[in-house]
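I have placed the structure first, in the form of structure tokens, so that the comments after it can refer back to it.
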Amino acid sequence: MSMRSDYCGALRPGDVGRAVTLCGWVARRREHGEHLAFVDVRDHTGIVQCVVDGSVDARPEWVVRIHGTVAARPEGTVNPELATGQVELRDCTVEILSRAEPPPFPLDERTPVEENTRLRYRYIDLRRERMQRNLRLRARVSSAIRQAMEVQGFVEVETPLLIASTPEGARDFLVPSRLTPGSFYALPQSPQILKQLLMVGGTDRYYQLARCLRDEDLRADRQFEFTQLDAEMSFAHQDDVLEAISRAVAAAAQAATGAVVDPTTIPRMTWTEAAERFGSDKPDVRFGMELVELTPLFVGTGFNAFAAAPCVKGIRVPGQGGLGRGRLDALTDQVRRWGGKGLVWLKVLADGILDSPVARFLSDTERQALVRTMAAVEGDLLLLVADDRITVRHLLGLLRLELGRPPVNEGGLNFLWVTEFPLFEALDEAGRPIPAHHPFTMPVEEDFERLESDPLSVRSQAYDLVLNGWELGSGSVRIHRPDIQSRIFSLLGIGPEEAGARFGFLLDAFRYGAPPHAGFGLGLDRLVALLAGEENIREVIAYPKTQSGVDPLMNAPSPVPDAELAIYGLRTLPPPAKG
Ligand code: ASP
């Protein structure tokens, strides 16, 4: 016979009269005199109240097995906050399975607990309803994604963790080799090259829920190791990838929240449009406050700050015309910290009159044109930035988020494909282009001719999936022709020798019959966090690292004795002196 007959959180009025056995943790115990005790018992499904005649020594977090009979709660004692609140267990006998020390923090959802403490005692933290809900939601999402990919003919292939460096632009985690002292494996930043080789190997459609490892600064939406829906398809165009991934995320959303997302209607926007309208390559389209082009309005203006700038754009913050001077000064300082020269603010009064320190430098015509172009009404706040176009977009994009972004769980699921990313994001000090994606990304064909003459204007066949302003993932059509690949490498300053050393195996493979192919990598942790309404991906990962990269539970990273290091041919340097 199994240890229990029912789950705590599942009991309902329909169970009244049944004798049941439950197992779980004591959430709370209240004594009513010597003869009556209430013990709330919790398992992953929820909490139920158990009534014990006589006193019982069962303290919070003790592990118990309880036998009793389900009864309706007496009139007036129904608890509408609890799913089981209409019933209780009566005539209980309590069997103690495990005693527990008092927990280091209360397990209710209300008391704020420091994250380090939560992670140090993650096994206790995980008992909380929110964490169990998130873990289960994550499992449903993974399962739905697997099914959606398999229905579309994708086959799951595992790729190794001990590999050579992959070029995703982050720092590698290295693993020393014992058999070849002084040599290192790299942990995969993604299975990028391996999945491309699977295409050369005739696998046709590959996917994997792959662990990727990148040594970069951690943030709310970034961990050293993260899980990616990694996919690649042969004989495929960009549209084929977008369709396949759209189906997978629609299935994930449905499994997580029941939301119906039509995978065929996820909107698309080019990178340029996203930058111009939202000042971001991952626009949060849940709210307006779009960037408005104002440059033509101020051609020949007498206001120096605008006259000197190649670009002027602005955002309209509805109803925020009442912001106080202190807040406006703080916003201006913020813009300076983000790298701007300053911020022009104008409050819209009745009849389109503008209240602003700069209003007197603008002509009547300019002021009227501004109000008209921005569709401003009384009570609005207008924020304008004048600078080079890239800076203007960047600063207004940040301001827009700062002032308008709704909480993570508001506004539904706004998936968006951003396409036609630039192939290169900037030039380095040597004047060489820096790839925006990895160096295997195919340029848009009609832009080929400008590769050498005007590299920054070259668009790529790369695309991102965005959800509510979070970048969920990226992908691209790959270069499958060795001649194009060599041309890109040489643009990047990777000579034949270096290319051979770093990616020789890929270039070799391409000489043996590479199908055209394209793929995608989608961050599962981010997707799950958004579907769970969490701001931080650590809430949907069982054992995350802290923001400073530490695992307080297992105490990693930790020093290794010299004798052990010697096996790998390694010795540590003394820590750098603290200045
Ligand atoms: N490997 C890429 C990444 O991890 C995704 C892809 O291009 O498929 O971002």
Side-chain angles (χ1 to χ4, degrees), residues 145 149 154 156-161 163-173 186-200 203-216 219 221-234 236-246 248-249 271 281-282 417-425 434-444 459-467 470-480 485 488 502-503 506 514-527 537:
I145 286 179
M149 296 307 280
F154 286 81
E156 183 167 15
V157 180
E158 288 172 80
T159 52
L161 283 180
I163 63 169
S165 185
T166 47
E168 296 292 353
R171 190 182 293 276
D172 286 325
F173 278 101
L187 298 175
Q189 292 188 30
S190 83
Q192 183 62 35
I193 294 179
L194 295 163
K195 68 177 172 178
Q196 293 192 242
L197 293 179
L198 284 173
M199 297 301 104
V200 183
T203 309
D204 200 69
R205 288 186 171 200
Y206 140 92
Y207 90 97
Q208 179 182 197
L209 293 186
R211 198 60 73 81
C212 303
L213 296 110
R214 299 181 192 178
D215 187 358
E216 46 192 356
R219 298 187 310 221
D221 62 354
R222 206 194 260 164
Q223 282 273 302
F224 286 152
E225 43 185 315
F226 57 94
T227 307
Q228 179 161 294
L229 162 62
D230 195 49
E232 196 72 16
M233 46 205 303
S234 291
H237 298 295
Q238 167 171 312
D239 280 356
D240 300 307
V241 180
L242 267 44
E243 186 187 330
I245 300 297
S246 295
V249 293
W271 179 89
D281 57 7
K282 41 178 193 294
W417 284 106
V418 178
T419 60
E420 292 180 24
F421 271 65
L423 187 63
F424 304 111
E425 61 185 21
I434 305 168
H437 205 51
H438 46 62
F440 315 120
T441 304
M442 183 74 106
V444 167
R459 293 163 299 162
S460 68
Q461 299 187 49
Y463 31 83
D464 273 12
L465 181 60
V466 176
L467 173 56
W470 284 31
E471 180 200 321
L472 282 188
S474 331
S476 58
V477 174
R478 322 299 183 187
I479 297 169
H480 69 282
Q485 188 66 72
I488 297 288
R502 285 174 63 191
F503 315 117
L506 181 71
H517 57 288
F520 201 74
L522 176 120
L524 187 73
D525 310 276
R526 289 184 185 177
L527 175 62
I537 61 169

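Start at 1 and go down the list; that is how both ligands and their atoms are numbered. All residue numbers refer to positions in the sequence shown, counting from 1. Just the heavy atoms: all of them, side chains too, but no hydrogens, waters or symmetry mates, feed the values below.
Listed by chain and residue number, the protein contacts of ligand 1 are Glu168, Ser190, Gln192, Lys195, Arg214, Gln228, His437, His438, Ser474, Gly475, Arg478, Gly519, Phe520, Gly521 (heavy atom within 4.0 angstrom).
Lys195 contributes no side-chain N or O that, together with a main-chain N or O of Val157, makes up a donor-acceptor pair within less than 3.5 Å. Side chain of Asp525 to backbone of Thr227: a donor-acceptor contact under 3.5 angstrom is found. Distance alone, capped at 3.5 Å, is enough to place a donor-acceptor pair between the Thr203 side chain and the Leu198 backbone. Distance alone, capped at 3.5 Å, places no donor-acceptor pair between the Gln196 side chain and the Leu506 backbone.
In this view, Leu229 and Ile145, Met149, Tyr207, Leu209, Ile245, Ala248, Leu522 satisfy the side chain to side chain contact (heavy atoms under 4.5 Å, CB included) rule, not counting sequence neighbours.
Residues Pro191 and Cys212 meet the side-chain proximity criterion, which asks for heavy atoms closer than 4.5 Å.
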